[in-house]
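The sequence lines fix the lettering, A, B, ..., with proteins before strands; numbering per chain opens at 1.
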Amino acid sequence: MQPELKSPVRVRFAPSPTGYPHLGNIRTALFNWLFARHYGGKFILRIEDTDVARKVEGAVEAILDSLQWLGLDWDEGPYFQSQRLPIYRETGHKLLEEGHAYLCYCSPERLEAMRQEQIKRKQPPKYDRRCRDLAQQEKTRLQATGITPVIRFTTPLEGETTFHDLIRGPVTFKNDTLDDFVLLKSDGYPTYHLASVVDDHMMAISHVLRADEWLSSTPRHVLLYQALNWQPPQFAHLPMILGPDRAKLSKRHGATTVTEYQKQGYLPEAVVNFLALLGWSLDDRTELLSREELIKHFSLERVGKTPAIFNKDKLEWMNGVYLRKLSLGEFVQQALPFLDRELPKSVERPLDKTYVSQVLSLIQERAKTLVEVPQLASFFFLDELQYDTGLLLSGKLDAKSAANAITIASQKLEEVMTWDATALESALRPLAAELNLDTGKFFGLLRVAITGRTAAPPLFQTMAVLGKERCLKRFNAALQLLSTYSN
RNA sequence: GCCCCCAUCGUCUAGAGGCCUAGGACAUCAGCCUUUCAAGCUGAAGAUCAGGGGUCCGAAUCCCCUUGGGGGCACCA
């Protein structure tokens with residue numbers, strides 16, 4: 001399955017701007033990109049905007065943004081099919097002249113009615129070819145009506161079409177199961193079939209790597225290449241990515257657009273790594289691969305055939321791994337915008353970079369995504385903590401002894417001059433024994449007083465970052481709460 | 001309904017006839033570490049390799065059938 005080395009590798013990603021790109025679309029882009037980079041070929045971006053009616057505002061931008069975010073840089077394009085209309089028309093008319101296509105005057109209404117009837121009779125819905133062999137007289141009459149005809153492909157009635165898929169092997173279709181599909185619509189735009197064949201040829205695409213959903217359109221394309229007397233590219237149909245309900249990924253599956261993952265605080269490196277493993281694998285154990293390693297090892301032979309359901313848990317895990325791999329500086333840089341956006345307005349801006357850095361050093365290994373950073377770190381920034389007073393008693397202490405423990409700790413800490421984790425520990429650890437409390441209970445109590453929660457970064461480090469003044473203030477606040485606690 | 005594709009733990013996957021008493025990862029559970037959480041480490045559970053027929057000395061791996069799933073069947077891509 002080595003690509004033909006006589007012709008340079010040229011692949012394309014050809015999305016249509018009828019929606020925002022989801023993980024499936026982007027996985028296709030990634031495989032194309034990896035293939036191109038692996039073989040030192042070209043990765044071409046082409047926007048298939050031939051459906052005027054379904055065009056979605058902002059989709060093109062979302063596609064470009066997604067690719068850029070993931071670092072899938074393209075070598076040519078973006079080409080827009082809407083700007084190449086004359087080429088398709090010319091090809092369509094050429095086909096017409098050579099007898100490979102014909103004009104069809106059937107109205108959409110008639111076609112729709114016909115389809116409904118066929119479905120009702122449990123027949124395969126297919127164009128009945130009414131216009132395929134019109135008598136000259138009839139043609140003239142229809143022409144005079146002023147109806148704008150479409151151009152349909154004259155699909156061979158007999159025989160079969162076989163092509164060799166790089167992933168599936170030989171695939172054969174009987175020609176009589178194929179339709180006389182439309183090449184040029186009455187609005188003057190080409191259909192996908194015509195436009196992609198023409199462009200793939202004109203752009204000298206060597207390999208078409210696209211999702212499995214296109215497999216059954218491929219014989220039509222092969223027939224078109226034959227009619228045009230063009231050499232078809234090699235085809236490879238990639239396994240689909242399915243939603244949790246095992247159905248084709250769509251808007252119905254919620255947060256599947258790539259930009260959504262960006263917003264949720266996933267790192268592009270993690271997403272690339274994760275996506276690469278959806279349908280491709282290096283061996284029986286390697287999970288973490290850098291971009292360079294992916295390029296180095298990527299090959300179509302190791303692309304599987306079975307559709308994959310993406311496993312969000314695993315993506316999260318992997319993102320956590322990548323987050324922890326970041327240097328503190330990089331992590332701060334990545335997390336800062338999220339803090340800035342999500343922290344309450346009451347927190348003074350701009351955030352102090354040094355302080356943020358100290359805080360984030362304690363958060364980094366606890367975050368799976370960037371979006372949870374503000375939540376994990378909020379108590380470092382708030383002046384007053386809101387928490388359920390009962391939390392202070394979660395160590396099964398009564399309010400009185402809890403208050404006593406905090407008071408003693410507070411007094412002890414007043415005397416601490418060097419406010420760092422080591423000093424804090426040597427000041428507080430002995431107190432547990434003096435108070436006859438086990439360390440779990442004692443430190444747990446102080447943790448709630450300091451952070452307002454039972455799960456937080458290590459106590460002494462947290463206190464060191466917060467600073468003496470804020471810690472003592474929080475102890476006071478805790479005492480306040482305990483004093484009003486309904487006994 | 002017709003056509004095409006696919007079929008290994010819940011999920012992602014390794015496996016290209018003997019290395020498989022089916023390996024890894026996520027998730028789950030347990031233990032260790034530990035001031036909590038997280039991370040880390042160790043271990044457990046989890047797949048009669050969809051089912052049935054062949055071929056072969058030998059099949060998860062090859063062939064056939066069945067079943068299941070997916071995709072396609074537009075003047076959408």
Side-chain angles (χ1 to χ4, degrees), chain A residues 14-19 48-51 53-54 104 106-108 111-112 115 118-127 148-152 165 168 171-174 177-179 181-187 189 191-193 195-196 211-219 237 239-240 242 244 246-248 274 277-288 301-302 304-318 320-321 324 362-368 376 394-395 425 428-429 432 438-448 451 453-460:
Chain A
S16 69
T18 51
E48 311 228 320
D49 54 348
T50 54
D51 187 342
R54 289 202 311 152
C104 170
C106 294
S107 69
L111 295 172
E112 185 53 31
R115 243 189 314 275
Q118 286 164 335
I119 290 168
K120 216 172 92 188
R121 296 207 319 255
K122 302 204 182 256
Q123 303 267 303
K126 226 168 79 175
Y127 177 55
T148 313
V150 301
I151 298 182
R152 282 184 187 273
D165 188 276
R168 326 255 157 197
V171 182
T172 302
F173 287 78
K174 288 192 179 60
T177 64
L178 269 26
D179 210 350
F181 56 98
V182 173
L183 298 170
L184 269 177
K185 304 182 255 183
S186 56
D187 64 1
Y189 279 74
T191 60
Y192 169 83
H193 306 298
S196 72
D212 200 27
E213 58 187 316
W214 296 108
L215 191 66
S216 44
S217 302
T218 308
H237 288 90
M240 306 262 289
L242 274 23
R246 309 200 131 272
K248 190 171 156 182
F274 176 75
L277 258 20
L278 245 35
W280 175 88
S281 64
L282 173 59
D283 54 30
D284 62 342
R285 53 195 64 253
T286 311
E287 304 283 342
L288 268 15
E301 290 101 280
R302 297 206 58 87
K305 298 177 184 176
T306 51
I309 298 167
F310 79 96
N311 181 194
K312 197 167 179 190
D313 282 337
K314 188 161 178 176
L315 206 211
E316 272 191 13
W317 162 76
M318 194 173 275
V321 171
R324 276 174 255 126
L362 298 179
I363 299 301
Q364 184 168 10
E365 68 174 310
R366 291 172 174 76
K368 283 193 165 69
L376 289 169
S394 52
E425 177 158 15
L428 292 177
R429 194 172 282 281
D438 69 49
T439 50
K441 276 186 185 173
F442 182 48
F443 295 150
L445 169 67
L446 299 188
R447 174 174 302 105
V448 172
T451 68
R453 40 182 100 170
T454 53
L459 182 60
F460 308 123

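Figure legend. U11(B) is base-paired to A25(B); pairs are counted as Watson-Crick or G-U wobble with both atom distances under 3.5 Å. Under the Watson-Crick and G-U wobble criteria, each requiring two contacts below 3.5 Å, nucleotide C73(B) is paired to G1(B).
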ask   = For Leu278(A) and Phe310(A), what are the C-alpha separation, side-chain angles and deciding distance, and is it a side-chain contact (heavy atoms from CB on, under 4.5 Å)?
value = CA-CA 7 Å; Leu278(A) 245 35; Phe310(A) 79 96; 3.6 Å; yes

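Using a 4.5 Å heavy-atom threshold, the side chains of Thr218(A) and Phe173(A) count as separate. The shortest side-chain heavy-atom distance between Cys104(A) and Tyr127(A) falls under the 4.5 Å cut-off. When side chains are defined from C-beta on, Asp212(A) does not count as touching Pro239(A), because their heavy atoms never get closer than 4.5 Å.
Within 4.0 Å of Thr451(A), counting heavy atoms only, lies no atom of the nucleic acid at all. Among the heavy atoms of the strands, none lies under 4.0 Å from Phe181(A). Among the heavy atoms of the strands lying under 4.0 Å from Arg324(A) are primed sugar atoms or P, OP1, OP2 only; no base atom is included. Contact annotation for Ala456(A): base contact, defined as any heavy-atom pair under 4.0 Å involving a base atom. Base contact: Arg366(A) has a heavy atom under 4.0 Å from a base atom. Residue Gly279(A) is classed as a sugar-phosphate contact, given heavy-atom separations below 4.0 Å to backbone atoms only.
Note that OH of Tyr192(A) and OG of Ser16(A) are 9.5 Å apart. Values are rounded to the nearest 0.5 Å.
When the nearest nucleotides of RNA chain B are assigned to Gly440(A) and Trp280(A) by heavy-atom distance, the more 5′-ward of the two goes with Trp280(A).
For G15(B), the OP1/OP2 oxygens have a side-chain nitrogen or oxygen of Arg302(A) closer than 4.0 Å.
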key: Summary of protein contacts for nucleotides 70-77 of chain B, nucleotide by nucleotide, where a base hit scores B, a sugar-phosphate-only hit scores S (4.0 Å, heavy atoms)   = SSSBSBBB

